[in-house]
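The sequence lines fix the lettering, A, B, ..., with proteins before strands; numbering per chain opens at 1.
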Amino acid sequence: MDYLAVVAIELSTAIATLVLIAAGLAIIFGMMRVINVAHGEFMMLGAYATLMAYTAGLNLWISVFIVAPLVAGIWGAIVEFLLIRRLYGRVADTLLATWGLSLFMIGAVTSIFGNTSKGIPTPLGAVNIGQYSISAYSLVLVLSAVAVLMATWLVLNKTRLGTVVRATIQNPDMAEALGVDHRKVYSRTFATGAAVAGLAGGVLAPISGVVPTMGAAFIAKAFITVISGGAAIVAGALSASVVFGGISQAVTFVSGAVWGEAMVLFVAVVILRVMPGGFSEFLKGKRS
Amino acid sequence: MTHLTRRNFVKTGATALVSGMVSAPFLSSRAKAAEPITVGGIHDTSGILDILGKPMAQLARFAVHEINQAGGLLGRPLELVEYDPQSNMQLYGQLAQKLALQDRVSVVHGGITSSSREVIRPVLRRFETLYFYNTLYEGGVCDRNQFAIGTMPDQTVANLMRYVMKTHGKRVYVLAADYNFGQISANWVKKYVTENGGEVIETEYFPLDFGNFGPTISKIQASKPDAVISILVGATHLGFYRQWAAAEMLSRIPLASTTFGAGGVDIKQLETRETDGIINAATYVSGIQSKANQDFLTRLNAFYGDDAPFMSELPCTTYEGMMLWAKGVEAAGSLDRMKVIEALESGLSFEGPSGRVSIDPATHHTIRDVHISELSDRKWTVLETTQQVPPTATQEVCDLSADPDANFQHKL
C-alpha cells in the first residue's frame, strides 16, 4: 500500500517534470511554429538566474518563481527582436539560428560562470510514507506544473489577450486588418514561451544541479512531448506528458532507467506512426 | 595552445638567463648540457573534462617547478610543453604525435579517460616516446612503454567493499554509470562483494544524461540494503546525491563510492548536508595526516595562492607520475627511453603525499597505499589505511619481464 502511494507520487512527479519541460516549447514551437533548438538553454538560463539570485541572498521561492522567468523572458524578447523576427516561416533557417544561439548561450555561460557551479540544495526536506521517505520538493514540481497548465489554458481561452494571440497566430494579416500589431504579439508570445522555459529551469534547478550543458538533457524530451502532443497546446502537452511520464516511470520501476528511457522513444514512434497529428501537419505547413 | 603563464614565462626566462650566464664562459662544452629537457603534458583544460583536467595540469606544472627548484635533472632544467586536447579524442592523437615528432619530448604525461589513453598509447608506442598515464582506470593494460600511476579497482574497490561488508553489512545496492568504465567497475564491485560473502541485491545502470533518481531511491528503500555503492559519473548524476539527501536517506543507509571526490570539484558543487557521511576509497585525500602531505599542501598553496586546486586523487597521482619519472631519469643517468624504463623497472619508489608509491616491475602499475575516508564538512577524514596494496588483478594477466613486447588490455 505504501509502495503504491510512493509509485503514484513518483509517477505524478515524472508527469509534472515533463509538463514543465515541454510547456515553454509548446508555446514557441506548438503555437508559433518556431523550432527553438535553444529551448534547453532557455531553461539553463532560468536555472542560472535562480542560482545567482539565491546565492546573492534572495529568498529561494522568489528566485525560482519570479527571477527565473523574468530573466529568461527578457532574454527571449531580445532574441526574438534580434534573431527570430527575421526568420518567421523559414523553418530550416530558424533551426540553424537557434542551434547557433544554443551554442552561444552555453559558451557565454561557461566563460562567465565556468563549467561547474555550486548548485542549489533541495529545500523542504522529506515526507515519510510508511517506511518510505520522499523529497517534499516533488510536491512543488507537481503544483508548479498544474499552475503552468491552468494559467496557459485560462489566458488562451478565457481572456481577450488569449483570443488576440490565437487570432494573430492563425491569420496575421486578418488580425493586422483588425488593428492588431502582429509583431508585438509574436514578440510577446515568444518572450512568454521563454519565460515559461526559464521557470521550468528554475523549478528543476534544486534537483538537477546547474551546469551550462544541462539543457541537453531536456531538449529531446521537450520536442518529443510537444510533437506528439500535437496542435492543442494545453491538452496536447498534458496528454503526451501523462503517457510518456507514466510509461517511463512505470518501466523504470520494473526494469531500470535505460529501459524507461528507451520505452518512451519506442512509444513516441508508435504514436506518431498511428496518429501522425502534429508532425505531418507541420511538414505540410498546415495549421489546425 | 602551449600554456605559458606569466609565472612560467618569467621562470623559464630567468632559468635560461641564469644558465646562459653560467655557461657563457664554457660555451663549447656546457651549452648542450644547459639545454632544457622537454616534457610533454596533455590534459583537458577546456571542454567537459576540464573539471578534472585543470587541477591535473596544475599539478604537472607544480611538479616540474619543484624538480627545477631542486636543480633540475642531469644538471638541466625541465621545460613543460603543454597542450589542451579540449576533451576531443581526435586532438589527442594529433597532439601526441606532435609531442613525439615535433617537440621530441622525453616523456608524455596525461590522458584522462580510458578512451583518450587508448588514442595516445599506440601513437607513443609507435614513435618510441615514454608514456605516463596518471589517472585511475579499470586496469589491465600491459604495455612496456606505458607506466600507469593511478589506482586500479582491485586496489580501491577491493578495500572499499571489505570495509563496507565489515562495518555496515553484507547486502549492497549498486548504482553505476552506463558506459564501459561503469560496467567494468560494477563487475569489480560484484566480484569483491561475493568474495567477502556478501550479496549485490541489484545493479542499476544510468545513462550519463539521466537525472531523475526518484524511482531508484524508492526501490532502494523497498529493498533495504546495508549500503549503497555509487559508481555514478558526471554532472547530471550529481542529481542522485541531491535527491538522496532530499529524501533524508544520507543518515539512514550508508553511501560509499569510488568515483565521488576523485576529481574534487563534485564536493564543491554540493552542499555539505548533501555529502556529509559519504565514504570513499582513494589513494589520496587532502585529509591524510602525514607530515609529507601537510608539507606538500603548504608548498602547493604557497605556489598557487588563491588559484590552488582542491586536492584530490587525480591531481595527486599526476604529481607522483612526474616525480617517479624524474626518479627514473636520475637513476638511469640518461634520458634514453630504454634506460629510463629499466631504471623504473628496478622497482623505484617515491615517498609522496599519498604515502610510498612503488613501480611494480612486471606490470608497470603502482604499489601504493589505499585510504578509506569519510566526508564531513567538505573534509575527508581517513578511517582506515591499507598499506602498499599491489595491483593484483593486473599482475595476474600481465608480466612484462616475461613478455616485454606485450601490448593488450585485459578486461574483467
Enquirer: When you look at CH2 of A/Trp61, are more than 12 heavy atoms from neighbouring residues, nucleotides or ligands closer to it than 6.0 Å?
Expert: yes
Enquirer: Calculate, to the nearest 0.5 Å, the distance between atoms CG and CG belonging to A/Leu204 and B/Asn212 respectively.
Expert: 9.5 Å
Enquirer: By a 4.5 Å heavy-atom criterion (distance strictly below it), what part of B/Lys54 contacts chain A: side chain, backbone, both, or neither?
Expert: neither
Enquirer: Identify the two heavy atoms, one from A/Gln249 and one from B/Pro215, that lie closest to each other, and give their separation to 0.1 Å.
Expert: NE2-CG, 3.1 Å
Enquirer: Looking only at heavy atoms and a cut-off of under 4.5 Å, which of B/Gly239, B/Ala222, B/Ala245, B/Ser46 has the most pairs with chain A?
Expert: B/Ala222
Enquirer: Considering only heavy atoms, which portion of B/Leu238 lies under 4.5 Å from any heavy atom of chain A: side chain, backbone, both, or neither?
Expert: neither
Enquirer: So with a 6.0 Å cut-off around CE of B/Met89, is the heavy-atom count from everything else above 12?
Expert: yes
Enquirer: Would you say that A/Val210 contacts B/Gln269 through its side chain, given a criterion of any heavy-atom pair below 4.5 Å between the two side chains?
Expert: no
Enquirer: Please find the pair of heavy atoms, one from A/Ala257 and one from B/Tyr205, that lie closest to each other, and give the distance.
Expert: CB-O, 4.0 Å
Enquirer: Is a side-chain N or O of B/Gln243 found less than 3.5 angstrom from the main chain of A/Ser135, in a donor-acceptor match?
Expert: no
Enquirer: Any side-chain to backbone donor/acceptor pair from B/Lys219 onto A/Val254? Under 3.5 Å, distance only.
Expert: no
Enquirer: Would you mind checking which part of B/Glu248 comes under 4.5 Å of any heavy atom in chain A, side chain (CB onward), backbone (N, CA, C, O), both or neither?
Expert: both
Enquirer: Count the heavy-atom pairs under 4.5 Å between each of B/Phe206, B/Phe240, B/Phe210 and chain A, then report the option with the highest count.
Expert: B/Phe210
Enquirer: Measure the OH-CE distance between A/Tyr132 and B/Met249 for me, rounded to the nearest 0.5 Å.
Expert: 11.0 Å
Enquirer: Any heavy-atom pair between the side chains of B/Ser218 and A/Val7 that's under 4.5 Å?
Expert: no
Enquirer: Measuring heavy-atom distances to chain B, does A/Thr13 have an atom under 4.5 Å in its side chain, in its backbone, in both, or in neither?
Expert: neither
